[in-house]
Structures are given as structure tokens and as C-alpha cells.
Amino acid sequence: MALSVSDLSAIYSLLANSMSQDESNRKPAESALAQSESRPGFCSCLMEVITAKDLASQVDIRLMASVYFKNSINRYWRKRRDFSGISNEEKQHLKQKLLSHLREENYQIAQMLAVLISKIARFDYPREWPELFSFLAQQLPSADVLTSHRIFMILFRTLKELSTKRLTADQRNFAEISSHLYKYCWHIWQSDLQTISHGFSIITQSYNSNDKEERHDDLYLTCERWLFCLKIICQLVISGFQSDAKCIQEIRPVKEVSPVLLNAAQSFLPYYTSLQNRHPKFWEFIKRACTKLMKVLVAIQQRHPYSFGDICVLQPVLNFCLNKITDPEPDILSFEQFLIKCMVMAKSVFECKEYKPSVTGRVMDENGVTLEQMKKNISNAVAGVLTRLLPNERIVLLCNVLIRRYFVLTTSDLEEWYENPEVFHHEQDMVQWTEKLRPCAEALYIVLFENHSQLLAPIVVSILQEAMNGCPTSTTEITPGLLLKDAAYGAAAYVYYDLSNYLSFRDWFNGALSLELSNDHPNMRIIHRKVALILGQWVSEIKDDTKRAVYCALIRLLQDKDLSVRLAACRSLCLHVEDANFSERDFSDLLPVCWDSCFKLVKEVQEFDSKVQVLNLISVLLGHVNEVIPYASNLMQFFQMVWEESSGESLLRIQLLIALRNFVIALGYQSPSCYSMLLPILQKGIDINGPDELNLLEDSMLLWEATLSHVPAMVPQLLAYFPCLLEILERNFDHLQVAVDIIEDYIILGGREFLSMHSSSVAKLLDLIVGNVNDRGLLSILPIIDILILCFPMEVPPLISSTLQKLVVICLSGDDGDPFKTAVKASSAAIIARILVMNTNYLAQLTSEPSLSSVLQQTGVAIEDNILLSLVDVWLDKVDNVSLPHKKAFGLALSIILTLRLPQVLDKLDQILSVCTSVILGGTNDLTEEESRSHDEDLLPSKELRRRQIKVSDPINRLSLENSVRDNLQTCAALHGESFNSAIAKIHPAAFAQLKQALKMP
């Protein structure tokens, strides 16, 4: 039943109650609203609540209504199979209502209205809402400042939403929008820029202390509108044109916009100081505006590098950024976000691959000029600009400034470190390099060094020597010399790959670094943290004679009193253990201390990232060291503790599951000793109804497979988990390969007990997979079906008859020459051949069932003779597409066909005997138990041992194809008499001679 105006008061009450602190009011209201969502008229009622003038002051209720409106758009705007969606009439009413309420005074409500319009536009523009942009544009000339601000807010949100659509038609639509909106928005933006500059000039010249903020409301709205307009221009230039790196065409707006954006930033910067104390609102705007302007320039450079590389754009922008980095005004030094954006711009230019010589292939256009040559011409022109902008002296200056100014810890840094060393460690991490000034400077330095390593390597070494000479290893006071040494150590750590030619790590470590590590003064944490970094970064340069000492040093740092030092050591130790040249012999006696230090560190840290980092080290250790069993008990307690304390922290639990998998693999046959801890965790991880199933399932399944692979014998708890696999695959096939491995584990290790307990689940599982996955998926599951039939030839075929019917259909369908389809067809045929050999009566029953004939008819497969004879044609055709064991299965199946009382068999006799002869003479890989038994069989994992035993006991390996063909030929002769003799006489003499040789006939 549809909702109407008469229901408004009820909807209003429900919205109000849905925000109640009293659960007895909130829960029923939320339930009633959820039931109303799909009713016609619900969104119209919400729209009335949002726009009602008498509710203007009740912002919370209006916001809640807008949230429900947004959710309804996402769920019901489009028609679905199970729901007709919002009617076209109501949609039209809602769109008109939204566009009639542009002048919303409350900023939060205006934002939500803009979001609502953008969400609808994603679905309806341009087909169902072609007038949207033209209507908004028509309102702008007559709009006041507030209305125009709201319109630009809507334009920004809508363009942002539409820019994320990736279909070609959608991108064409966006390009058309850009062509219509760009000039107008650019004009408005420039006009507002003049207004803002004039307003700021008046404000800064006014020294009247009674000057009130409210007098500048219109100016502030203009500032906000200008920012929205800037974001819109960015979207139009970025998403409205194909990247010039692909189309190799000049994007004219880049050359038009970029220099003006730079000038705007330059004109705003002087106000950074003058507005700070007297007009904090405008000061905040200046900070946002300057950083946004630089951010837009970076985005344009990355999207359209060739157009941006023009000398009139690149030269002034890069020159400005480098000047601000190397010689900033005193006030700008405190404007860190702006300096970060300047560094990001410089880094983006320095590492831009379009500005470097291209090594791609040649693609010719119609005129014979290569696209590659066009790129090279532009790249050479840009390289010339960069060479003039970056003479050696400026490169060296930039390197020096980065190390000596931006790498050096400040007083505030040291205070932050002292107050919370753990947070300081993560904030200085390179992962957040675009958010903090020092990590950003380090990222820029690395790119600069990579581009000019021969020039800068001696410079960096000289700074390092200067810093070490100016601050002896015995120094403990926090002096400028100590801080410079810390900076120089960081510079040397980040570019180890080129400094190794200029600096001997052995001498450096045995000299200064070891002495500094022996100094336990609290202030030495500054140097100790960098030494930990150096030991990790230089891992590839550490020779065998130094490894032991470095391992000891890292273990000592892992026990440091400062958490930042310990976390740095944790990361570096991880790099060493993962290194291809890791020496377990030199590390083994340090393991007890290492484990203990890790356990203590996890208990002491509070930050999520810290726990993940320590857990990662434990996981890496488990994957690379052999001596785990002596520490198993402590590790079990540790894992149990982390699991219990990590509820709701998916990433931490994922890292724990990875560590547990390595733990199980490391324990091997001893893994059942940890089941009391492991199995409850595993059970929760594979439960698709669990609260965190989406995040944990993949790693839980990998842990499940590892647990099964290393169990000495199947245990009841693991046996009981198998139905979970069916539930997982009923949802989707995202984890098919590991699921296949798990099925194989259960078949091999669970044996008859597994089949008797879970036969129905096995049948459903195979029927679910076969016919619903692609050819790659089929190729992964078919070997499992083969093993299942091999282990239980009498029980399984009747159990999986539906699956086998699908395999027969695959065998008798065409493969169109597709190699994957051919492989699937050949493997399916091998399974059917195995059934004929091991359970002949059942295959005769299967191929004669009316249901199979019906399935074949439904799939359009035509059968000339009977189904079994059609399968014979597949075995004859695909014998060259299968492995040696399957060739023998084909041969044995074909030899059995010789015993049929069908005259058509004689028509195929020549081909059947030809295939059998080639298989016999080609070798059939027969195995005897003695030949197959290895001397180290007792050392094999139980799964591998059982797999080998199954292979040895395979009747297809044990049966003699030679004897089978000889005996069945005699049967065939007895059945067909003179017709058999006639068929034999038609065989080519050479082929008959080979047959006699294969059968050892005189």
C-alpha cells in the first residue's frame, strides 16, 4: 500500500524515534522504517520532511530522512527482478522537488541534497534526466551567492559521481558535459578569484578591531563557491579528456588553467601570515586553497603529462616548487601541508615515465609517423626543460636541503616521540609519505637519487662522513650534530643499492654502528632507531662474515627500552629472515630470545599496525626456521591470546591466520598437538555465517587445507567440518582451487569413513561445480573425481550419477579446437573409461538410462549409434591429448569394448587395435609395489604417502593391457565368427605386424 501525505506525521515520528537513546523506542522505529522503504511514496514522504520549512530547525531529523532517502535510491531506484522499484511518476516528482529546493540554508542538509541528486544522476543521466545540467546552468546568472554556492556544490558532487563511471558511453557523456561546462566554470572561477583577492586586500588593510566576521559572510560563501568551482574544473580537465599519454594530443585547458592556478597560489600565500590571528576562518580557507591548488596541479600533471610538460607550464610550476622547498619564506616553513604538496609535485615530475626515453615498440599511424616517435619528441623537449631547470648545482643543493633541513628531527618531533614512541614510529613510516613532511622529503630524495645517483652518491657519503666526524660515537647529548647524524644515517639507509660502491658496510658496522649500539644512554634511541633501519635496508650487502653480528645486533635492538626502536628492529629482522641468503645456522641459538621478545612486544604495543607488524615477523620466522617444536607451547598461548584480543580487527586476524598456517606447516606430523587452540579458530574462520566471514574466509580456507595436509590421521573434528565447504561453494566459486585441494585431502585421508559420513555432501558438491564453472575450474575438479572413483569404484559412480551424466555430455559435445575444452573433454573421457574398467556394469547402466538420453537431447547432442559407441569415438580421438596413465585407461576401456555383442564394434576394430598397440608399445607406466616404494617413504607426509599408495593400488596400473587385448580379441572372435576374420583381414599388414609384436604373438 502506497504512502501519502496523510502518513507524514507517522514517518516523522518514526524518524524521531529512530534516533532515540531508548532502545525500546529506537528498535521498533528502525524496523518500521525498514519495512516502509519499499513502499511507494516513502521517498516522497522523506522529501517532504527534508524540505519542510517548519522543520528547518530540526536538522537531525532532516538529516536522518536524507540518509533513508539515499539508501532507498541505492536499493530501489533501479527496477529489480524481485521489486518493481520506485515508479516513474514518483521519480519525476522527486527530481522536480530536489531542483526546486536549491537554496537550502543549512550546510549539512545542502550537502546531503547534493549527494541525493548525484546518486539519482548516476542512474538517470542523460537518458532519464537530460535537462539536469542545463537547468542548473540556467539558474546561475540570477542566483544570489548562497544559491550559486549550493548549485556548484551539486555540480561538484554530480560530476564526481559521474566521473567514476567507466563504460565508453559514460565517458563520452562526461566529455560532452565538460565541453559545455568548462568555459563557464572557468569564467566564474576567475571572477571569484578577483573578488576574493580584492576582499582579502581590504580585510588586511583594515585595522579596526571591531571588524566583525559576520560582515564577511558573503565573501566567505564566495570563497567556498570558488573552492567547489576549482574542484569542478579539476574534474572536467581530468575526466573530460582522455589522457594525453594515450591519445598523444594536446589538451588545451591544461596550458590555459595550470599557469593561472599557480598564480592564484602565489597570490594567496602572503595572506597565510596576515590572516592567521585576526581572521582564523579566512586563514583556514587560505590553507585549504593553497594546498588544493597544488593538489589540482599534481592531478593534471599525472593525467596529462605531455600537455603539462610544455615549457610555459612545467617550467614555472616546477621552478616555484623547488624554490619553496629549498628557500622558503620563514612563515612558509610552518605551512607543512603546502610544502608537502610542492614535494609531491616535484616527485611526480622526477619519476614521470613519459619524461624519460621510451622503450616501447613502434606503432605506425596512417601517415607513417610512429606514435613512438611523437612521444620521444615530446619527451626530449621536456627533458630539455628539466635539464635547464635542474643543473647539477641545483640538484646537489636540493639533495643537501632535503637531508640537512627536512630529514632532521625537530623539537616537536622529539616531544611526540617521547610522549608516544609507538605512534611516532608509524607516523614516520614511508607508507604515509604524503601526509607528513619528513616522509615526503624522504620519498622525494629517493626519486632524486635514483635519477642522479652518480652525481649524488659522493655527496651523500660526504654528508655522512661529515656527520660522523662531527658527532663521535660517545656523544649522548641531543645536539645539532647528533640530529644531523641521524638524518645522514637515514639518507644512507634509503639508497643502499648505489652507496655500496662508495661505502663498505662491514667497516661501517664494525666501526661506528657497533659502538653506537653498545651505548645504552636514553638519548641514543635516536641513533639506535636509524641503525635498525640501516641493518634492514642494507640486508643484500651484508656478507657471511658479518651476518651473525648483525643478527645479534637486531635481537638486541628488539629488546630496547624504546618501542619505536623495537618496532624498527622488528621490521628489519623480518627483512633478514625473508632474505634469500638468510643463515639459519647463525640465527638458531637466538630464536628463544627472539620469540620471547616478540611475545613481550605484542603485549606492550597498543597500535593495531604494531601488532600486525610483530605478528608478521612471527609468521615469517615460522616459515623460514626449522626449530619450532620446542617453542610450540608458548606459540600456542600467544596465538590464543591474540585471537581473543583481536575481535573486530580483521587485518590482525588475517595476519594471525597466515601465522597459524606457517605454524601448522612447521609442526608437520606434530600439528595435532596444537588442535586445542587451532581447531576452534579454524571453525570460526570457515563459518560463512560468522560476523567477519568476508575478510577471514580466504585465509581460513588456506589454513584448513594446510591442517589437512599435515595431519597424520583424520580426526573426528576435522571430519565434521566438511559440510562447511558445501556452504562456501554454494555462495560462490571465489575459492575454488583451495576448495578442490581440501576435497582431495578428505578423500585421501578420510577414506571410507569420510565417504560414509558425507556422501550426500560430496554428491551435491561435485554436481554444483561441474556444469557451473568454466573450463579452468573443470580442469581442477576432474582429477578429484578420478581419485574418488579410483578409491571407491563401486560406491561412488551411483552416488554421483548426475555429475557423470554431465561428463558424458561434455565428452560427446564439440570442443571447437579450444585447447581448454579439448583438455576438459579428454579428462572427462578418461574418467568414463576408468568406470568402464573398474565398474563395467554401472557404465552400461548409466549409458542406457533414459534420463541421460534426455539430457543429451536438451543440450543438442546428436547420437548416431548408442551412447557407449559414441564414447568409443571420443577415446579413439582424444588418446593423444591425455597423459600416459590415461592412455592406458583408454586402451583398457577399448579392449573391453571388444567383448560387446555389437556388429558396429567390428567397424571400429582397426582403430581400436591401433590405439591399443600404440599404447602398449609406447609404455604404460605399470607399477609394482616394490618398484614404487621409495627408501624414504617413512619421511613422507601422510597425505603424500597415502596418495602414493593409492597410485600403486590403481587397477589401471596393475592390469596388463597386453593380456586384456589378447583375451578380449579371443572373446570378440568367438562372438562374431567369420565377420571378425573379415575385419582382421582388412587391417594393414604393417599394423597387424605391430599388433602381433605388442601382444607377443608368434
Inset, instruction - Can you measure from CH2 (Trp704) to CD1 (Ile742) and round to the nearest 0.5 angstrom? - result: 5.0 Å
Inset, instruction - Salt-bridge test for Arg966 and Glu962: reply yes if a basic N is under 4.0 Å from a carboxylate O, no otherwise. - result: yes
Legend entry - Leu894 and its side-chain contact (heavy atoms from CB on, under 4.5 Å) partner, picked from Leu836, Ile912, Asn968, Val965: Ile912
Legend entry - From CA spacing to verdict: side chain to side chain contact (heavy atoms under 4.5 Å, CB included), Leu766, Leu788: CA-CA 11 Å; Leu766 295 179; Leu788 189 61; 3.8 Å; yes
Inset, instruction - For Gln717, look at atom CD and say whether over 12 heavy atoms of other residues, nucleotides or ligands are found less than 6.0 Å away. - result: yes
Inset, instruction - Identify whether the distance between the nearest side-chain nitrogen and carboxylate oxygen of Lys764 and Glu730 falls below 4.0 Å. - result: no
Legend entry - Aromatic plane relationship, His758 with Phe722 - under 30° parallel, 30 to 60° tilted, over 60° perpendicular: tilted
Legend entry - Any Pro797 side-chain heavy atom under 4.5 Å of Leu846 side chain: no
Legend entry - Donor-acceptor pair, side chain of His624 and main chain of Val620, under 3.5 angstrom: yes
Legend entry - Reported CG-to-OG1 distance for the pair Leu969 and Thr899, which is rounded to 0.5 angstrom: 11.0 Å
Inset, instruction - May I ask you to decide if Asp873's main-chain N or O and Asp877's side chain share a donor-acceptor pair within less than 3.5 Å? - result: no
Inset, instruction - For the pair Ser914 (side chain) and Asp910 (backbone), establish whether a donor and an acceptor sit closer than 3.5 Å, ignoring hydrogens and angles. - result: no
Inset, instruction - With the side chain counted from C-beta on, respond yes when Asp741 and Leu708 share a heavy-atom pair under 4.5 Å apart, and no when they do not. - result: no
Legend entry - Any donor-acceptor N or O pair under 3.5 Å, side chains Thr164, Arg122: yes
Legend entry - Shortest non-hydrogen separation from Val628 to Ala666 and the atoms involved: CG2-CB, 3.7 Å
Inset, instruction - Flag the pair Met677 / Leu660 as yes when at least one side-chain heavy-atom distance between them is below 4.5 Å, and no otherwise. - result: yes
Inset, instruction - Kindly give the heavy-atom pair with the smallest separation between Pro793 and Asn839, and that separation in Å. - result: O-ND2, 3.0 Å
Inset, instruction - Using atom types as modelled and distance alone, determine if a side-chain donor or acceptor of Ser827 lies under 3.5 Å from a backbone N or O of Val824. - result: no
Inset, instruction - Hey, could you give me the NE2/CG distance between His710 and Asp745, rounded to the nearest 0.5 Å? - result: 10.0 Å
Inset, instruction - Flag the pair Ile867 / Leu812 as yes when at least one side-chain heavy-atom distance between them is below 4.5 Å, and no otherwise. - result: yes
Inset, instruction - Would you check if Val905 and Ile897 make a side-chain contact, meaning some heavy-atom pair closer than 4.5 Å? - result: yes
Inset, instruction - Could you go through the side chain to side chain contact (heavy atoms under 4.5 Å, CB included) check for Leu804 and Tyr842 one step at a time? - result: CA-CA 11 Å; Leu804 293 176; Tyr842 176 76; 3.8 Å; yes
Inset, instruction - For residues Ile956 and Ala889, report the shortest heavy-atom separation together with the two atoms involved. - result: CD1-CB, 3.6 Å
Inset, instruction - Specify the closest pair of heavy atoms between Leu696 and Ser650, including all atoms of both residues, with the distance to one decimal. - result: CD2-O, 3.9 Å
Legend entry - Heavy-atom closest contact (Ala983 atom, Leu909 atom, distance): CB-CD2, 3.7 Å
Legend entry - Rounded distance (nearest 0.5 Å) linking atom NZ of Lys908 with atom CG of Leu902: 10.5 Å
Inset, instruction - Would you mind reporting whether Leu755 and Leu799 have side-chain heavy atoms less than 4.5 Å apart? - result: yes
Inset, instruction - Taking all heavy atoms of Val837 and all of Thr840, pick out the closest pair and write down the distance. - result: O-OG1, 4.1 Å
Inset, instruction - Report the C-alpha separation of Val915 and Trp875 in whole Å, then their side-chain angles, then the decisive distance to 0.1 Å, and conclude whether the side chain to side chain contact (heavy atoms under 4.5 Å, CB included) test is met. - result: CA-CA 9 Å; Val915 167; Trp875 291 326; over 6 Å; no
Inset, instruction - Check whether any side-chain N or O of Tyr675 sits under 3.5 Å from a backbone N or O of Leu718 as a donor-acceptor pair, and report yes or no. - result: no
Legend entry - Expected output: side-chain Asn662 to main-chain Leu622 donor-acceptor under 3.5 Å: no
Legend entry - Heavy-atom check, side chain of Glu849 versus side chain of Gln845, under 4.5 Å: yes
Legend entry - Worked check of side chain to side chain contact (heavy atoms under 4.5 Å, CB included) between Ile658 and Leu615: CA-CA 9 Å; Ile658 294 169; Leu615 200 53; over 6 Å; no
Legend entry - Asp767 side chain to Ser802 side chain, donor-acceptor N/O pair below 3.5 angstrom: yes
Inset, instruction - Assess whether atom CZ of Phe820 is packed by more than 12 heavy atoms of other residues, nucleotides or ligands within 6.0 Å. - result: no
Inset, instruction - Look only at the side chain of Lys888 and the backbone of Val919, and say whether a donor-acceptor pair between them is shorter than 3.5 Å. - result: no
Legend entry - Distance, nearest 0.5 Å, that separates OG1 of Thr917 from CG of Leu961: 9.0 Å
Inset, instruction - Give a yes or no on whether the backbone of Ala830 and the side-chain of Asp786 come within a donor-acceptor separation of less than 3.5 Å. - result: no
Legend entry - Sidechain-backbone polar pair: Ser619 side chain, Asn616 backbone, donor-acceptor under 3.5 Å: no
Inset, instruction - For the residue pair Gln949 and Ser953, confirm or rule out a side-chain donor-acceptor distance under 3.5 Å. - result: no
Legend entry - Min side-chain heavy-atom separation Leu807-Leu782 under 4.5 Å: yes
Inset, instruction - Indicate yes or no for a side-chain donor-acceptor contact from Lys806 to the backbone of Val770 under 3.5 Å, with no hydrogens or angles considered. - result: yes
Legend entry - Point-to-point distance, once rounded to the nearest 0.5 Å, from CZ of Arg834 to CG of Leu843: 13.5 Å
